[in-house]
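To keep things clear, I will list the structure first and then write my remarks on it.
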Amino acid sequence: MSAVEQYARAHIVTDADLIEEEQAAVPVVLRYDPDEDPRSVRVGLPDRREWTVARALLEQGLRAPVGSGEVRVWPCGRVQAVVEFHSTQGVSVVQFESRTLLRFLRRTYTATAQPVGGR
């Protein structure tokens, strides 16, 4: 099975006073490797922190608020979704366009469905 890696742009939500350049979208990497863990995806944030998220949790969170452990996901209006990561260092809140996450999830299911050895 083949791994999926997708680069995306997202907004880090914070209550800090930010200058305009800091409010712009930041690069985020979405990764899925069915050989490593077929039930999880990874989200790489700009601070080089990478989070593991259950693929089903991410998908469910696009429709309704869900959470498990350190991760919470919920829809934000019609076109955005929020992923909240909790750690001992604090909370990272990342806002994505829902279609970006949907496109990535579709690609993960396509990668999972590919036949082994080209058969």
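As the structure is a prediction and not an experimental result, all values here were calculated from the model.
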Rounded to the nearest 0.5 Å, what separation is found between the [atom1] atom of [X] and the [atom2] atom of [Y]?
X      : Y     : atom1 : atom2 : result
Gln60  : Trp74 : CD    : CH2   : 15.5 Å
Arg31  : Asp37 : CZ    : CG    : 15.0 Å
Arg106 : Arg99 : CZ    : CZ    : 11.5 Å
Tyr32  : Ser2  : OH    : OG    : 9.5 Å
Thr88  : Glu70 : OG1   : CD    : 8.5 Å
Glu5   : Asp33 : CD    : CG    : 10.5 Å

Minimum heavy-atom distance between [X] and [Y], given as atom pair plus value:
X     : Y     : value
Gly61 : Val73 : CA-CG1, 3.5 Å
Val71 : Thr52 : CG2-O, 4.2 Å
Cys76 : Gln95 : SG-NE2, 3.6 Å
Ala10 : Val94 : CB-CG1, 3.5 Å
Leu45 : Trp51 : CD1-NE1, 3.7 Å

- request: Check the pair His11, Gln80 against side-chain contact (heavy atoms from CB on, under 4.5 Å), reporting the backbone distance first and the verdict last.
  value: CA-CA 11 Å; His11 292 273; Gln80 296 180 329; 5.6 Å; no

field: Steps toward side-chain contact (heavy atoms from CB on, under 4.5 Å) verdict (Val43, Leu30)
entry: CA-CA 5 Å; Val43 179; Leu30 304 169; 3.9 Å; yes

task: Indicate yes or no for a side-chain donor-acceptor contact from Arg49 to the backbone of Pro46 under 3.5 Å, with no hydrogens or angles considered.
output: no

message: Please check this pair: side chain of Gln6 against backbone of Thr100, looking for a donor-acceptor N/O pair closer than 3.5 Å.
response: yes

query: Looking just at side-chain N and O atoms, do Thr108 and Arg55 make a donor-acceptor pair shorter than 3.5 Å?
result: yes

task: With the side chain counted from C-beta on, respond yes when Pro27 and Arg9 share a heavy-atom pair under 4.5 Å apart, and no when they do not.
output: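 The answer is yes, as the side chains (C-beta and beyond) meet within the 4.5 Å cut-off.
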
